[in-house]
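The residues of the chain are indexed from 1 along the displayed sequence. Just so we're clear, the structure is a prediction, and the values are computed from it rather than from any experiment.
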Amino acid sequence: MDNRSIGVFDSGLGGLTAVKEIMRELPKESIVYFGDTGRVPYGSRSRETIIKYSRNDVNFLLKNDVKVIVVACGTVSSVALSQIKEISPVPVIGVVEAASNAAIRATKNNKIGIIGTSGTINSGAYERLIKDKNAEIETFSKACPLFVPLVENGHFDTMVAELVTEEYLASIKENGVDTLILGCTHYPLLKNTIARFMGADVTLIDAGAEVAKELKRVLINGNICTDTAEAGKYSYFVSDNVDGFETLGGIFLEQTICGKVEKIDIEKY
Ligand code: DGL
């Protein structure tokens with residue numbers, strides 16, 4: 001038993017799609033969320049910068065005495081997971097392994113599509129993990145750098161979103177994948193548009209939802225679930241304007257943000 005909070009971070013708002021799933025899977029657990037809204041996006045930055053930013057984020061969560069860290073960012077999970085594990089005394093769970101395992105379980109024709117930020121796709125992390133587990137699976141990946149700004153500007157189901165989706169996903173669709181990993185935690189907001197384009201026969205894997213299930217397994221196996229009878233408490237920290245986070249964050253979370261939201265200076269950590 002461990003009544004400390006779960007630490008979750010992302011480059012910005014996207015990680016809230018994972019938080020939503022964690023709240024659903026583990027309603028009694030408390031969560032400390034950090035969104036690096038002042039330095040988003042991470043996906044187009046160099047490996048060195050992503051590692052440096054991730055260290056700040058992890059140190060901040062550790063200062064908040066969390067019992068586990070969920071890396072709710074496809075880019076950080078792909079590029080900096082081993083560096084984070086090196087500095088963290090508590091378990092670290094990333095989205096890449098959880099989503100890859102779910103995709104391997106889902107595919108029937110052994111053709112998996114992977115979409116994510118440039119950082120995620122260029123790292124090759126998803127492909128490596130999938131091939132390590134099953135060398136017969138073919139992967140088709142595509143960086144979708146316009147998806148994050150689309151989502152951050154509220155374009156989920158619009159014509160613009162449809163056009164960009166078609167441009168990015170046409171080649172993946174042509175390759176006949178039956179499973180598509182949404183390898184960035186912003187992308188579940190585009191799920192309807194992506195599903196419409198890919199068709200009903202393609203299973204979409206939501207990295208945030210998969211990491212929530214993996215987190216539950218880690219808490220149960222490590223015997224570190226909370227034993228409180230009350231609902232979990234939530235605190236949110238950001239590195240830029242609190243107002244923008246509260247408004248748009250509610251859309252990612254699919255509920256009003258309850259709990260304090262505070263701005264911090266992440267460079268200090
Ligand atoms: N949420 C981040 C991810 O999952 C994408 C945003 C960014 O580029 O920072 O990769």
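- In this structure, Thr37 contributes its side chain and Asp240 its backbone to a donor-acceptor pair below 3.5 Å.
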Let's go through Lys108 and Asp201 carefully: what are the C-alpha distance in whole Å and the side-chain angles of both, what is the deciding distance for salt bridge (charged side-chain N to carboxylate O under 4.0 Å, His left out) to 0.1 Å, and is it a yes or a no? CA-CA 11 Å; Lys108 295 193 173 55; Asp201 295 342; over 6 Å; no
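- Identified under the salt bridge (charged side-chain N to carboxylate O under 4.0 Å, His left out) test for residues 62-71, with sequence neighbours left out: Arg4-Asp65, Glu29-Lys67.
- The backbone N or O of Val90 sits less than 3.5 Å from a side-chain atom of Ser88, completing a donor-acceptor pair.
- With respect to the salt-bridge test (charged N to carboxylate O, under 4.0 angstrom), the residues Lys268 and Asp265 do not qualify.
- Checked by atom type, the side-chain pair Thr165/Thr193 shows no donor-acceptor distance below 3.5 Å.
- In plain terms, the two heavy atoms of Thr185 and Val95 that are nearest each other are CG2-CG1, 4.4 Å.
- Aromatic ring pairs are classed by plane angle as parallel below 30°, tilted from 30° to 60° and perpendicular above 60°; the pair Tyr42 and Tyr53 is tilted.
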Test side chain to side chain contact (heavy atoms under 4.5 Å, CB included) on Ile194 and Ile115; report intermediate values, then the result. CA-CA 11 Å; Ile194 293 172; Ile115 54 173; 4.1 Å; yes
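- Judged by distance alone, the side chains of Ser11 and Asp36 never bring a donor and an acceptor atom under 3.5 Å apart.
- At distances below 3.5 Å, at least one donor-acceptor pair connects side-chain atoms of Ser77 with backbone N or O atoms of Cys73.
- Salt bridge Asp206/Lys20: absent, no basic N to carboxylate O contact under 4.0 Å.
- A donor-acceptor pair under 3.5 Å is formed between the side chain of Ser100 and the backbone N or O of Val96.
- Proximity of a side-chain donor or acceptor of Asn241 to a complementary backbone N or O of Asp243 within less than 3.5 Å is not detected.
- With hydrogens and angles ignored, the 3.5 Å screen pairs a side-chain donor or acceptor of Arg128 with a backbone N or O of Ser123.
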Please tabulate, for side-chain N and O atoms in residues 136-152, each donor-acceptor pair with protein atoms closer than 3.5 Å (sequence neighbours left out).
unit_1: Ser141; atom_1: OG; unit_2: Glu127; atom_2: OE2; d: 2.6
unit_1: Glu152; atom_1: OE2; unit_2: His186; atom_2: NE2; d: 2.5

